[in-house]
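Report on the structure given below.
Numbering of residues begins at 1 and proceeds along the displayed sequence. Remember, predicted model here, so these are calculated numbers, not experimental data. Both ligands and their constituent atoms are indexed starting at 1 by order of listing.
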Amino acid sequence: MTQVTVLNEVALHYRFRPGKGTPIVFLNSLGTDFRIWDQVIDGLDNDPPILCIDKRGHGLSDDGMISMTALVDDAATLMDHLDMQRALICGVSVGGMIAQGLAVDRPDLVAGLVLCCTGAQIGDAESWNARIKTVQSEGIAIMADAILERWFSAEFIAHRPAEFAVYRNMLVRTSPAGYAGVCGAIRDTDFSAQSPRISVPTHCIAGSDDLATPPALVKDLANLIPNASYQVIPDCGHLPCIEAPVLISDAIKQMHRTLT
Ligand SMILES: O=C(O)CC1=CCC(=O)O1
């Protein structure tokens with residue numbers, strides 16, 4: 001069933017499955033929709049309530065005006081709308097930034113964090129501005145191969161051509177305005193001063209072969225957040241939820257057990 005609601009004047013597409021215990025919220029990356037978490041969710045147990053969100057500008061959600069404040073507020077407003085209690089928030093890449101923003105702005109909604117392939121800050125203004133300019137003038141497809149080389153390890157690209165093809169489709173079918181808007185939100189965000197205030201259990205996960213948010217960046221984030229743990233997934237690029245879903249489910253289950 002398609003689940004959609006208008007919040008903050010934007011139609012947000014989400015998937016909510018009721019269940020028992022601490023809820024788990026999944027936040028996806030730039031140029032993807034919430035289906036990137038499907039295999040991870042298949043590997044969970046105990047039927048917790050699960051919420052997946054197509055952030056504005058992505059999947060079936062409206063574009064609207066995009067900023068990190070709006071992305072964080074959408075997630076919080078949707079959780080409030082669904083009357084959700086404190087949740088384990090799992091975010092990959094910009095989804096991990098949104099998760100940090102939630103933990104800082106709405107600590108009442110956050111029981112713990114699993115932060116995959118993300119940082120307090122990702123990239124620099126120059127590279128995001130160049131990407132925004134290209135998307136606006138030429139579209140996403142022209143950059144797709146270069147982006148996918150950062151998303152996936154060489155091993156994945158060589159041996160999983162069908163999955164590579166469908167995730168390429170997911171990327172190039174993203175709204176150009178939505179994609180550019182989220183690039184701008186990432187460019188304008190630096191949680192280095194706020195994330196040290198995060199006080200919930202946090203586990204940071206890096207992909208050994210991630211060229212977008214390399215392990216050192218993720219380690220820096222883990223060092224910033226009090227008592228955060230850190231794990232590197234071997235032979236994996238920027239999207240371990242696709243390349244190594246079993247390891248991500250296991251990490252989430254381990255964290256979830258400590259919260260319930
Ligand atoms: O598309 C990329 O370059 C990887 C990425 C950076 C932030 C994000 O969400 O994805």
TODO: Do me a favour and list the nearest non-hydrogen protein atom to atom 8 (C) of ligand 1 with residue, atom name and distance?
DONE: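 Answer, as residue, atom name and distance: Ser93 OG, 2.5 Å.
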Task: Closest protein heavy atom to atom 2 (C) of ligand 1, given as residue, atom name and distance to 0.1 Å - done: Arg131 NH1, 3.4 Å
Open item on the list: Please determine whether a side-chain nitrogen of the Lys or Arg among Arg187 and Asp124 lies less than 4.0 Å from a carboxylate oxygen of the Asp or Glu.
Closed with: no
Open item on the list: If you take the nearest heavy atom of each of Glu149, His238, Lys55, which one is closest to atom 5 (C) of ligand 1?
Closed with: His238
Open item on the list: Does His203 form a ring pair (Phe, Tyr, Trp, His ring centres under 6.0 Å) with Tyr230? I'd like the steps, not just the answer.
Closed with: CA-CA 6 Å; His203 184 55; Tyr230 171 71; 8.4 Å; no
Ligand 1 N/O within reach of [X] N/O, cut-off under 3.5 Å:
X      : value
Leu30  : yes
Val94  : yes
Trp128 : no

- [ ] Identify the heavy atoms of Asp105 and Pro107 that sit nearest to each other, and give their distance.
- [x] C-CD, 3.3 Å
TODO: Mind checking whether Ile186 contacts ligand 1 via backbone (N, CA, C, O), side chain (CB onward), both or neither, at a 4.0 Å heavy-atom cut-off?
DONE: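 Ile186 to ligand 1: side-chain contact only, backbone stays beyond 4.0 Å.
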TODO: Find out whether Thr189 and Gln121 are in side-chain contact, i.e. whether some heavy atom of one side chain is under 4.5 Å from a heavy atom of the other.
DONE: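 The answer is no; the side chains never approach within 4.5 Å.
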Task: side-chain contact (heavy atoms from CB on, under 4.5 Å) assessment of Leu60 paired with Val4 - done: CA-CA 9 Å; Leu60 299 184; Val4 63; over 6 Å; no
Task: Polar side-chain atom of Arg106 near backbone of Ala76 as donor-acceptor pair, under 3.5 Å - done: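 It does not hold such a pair.
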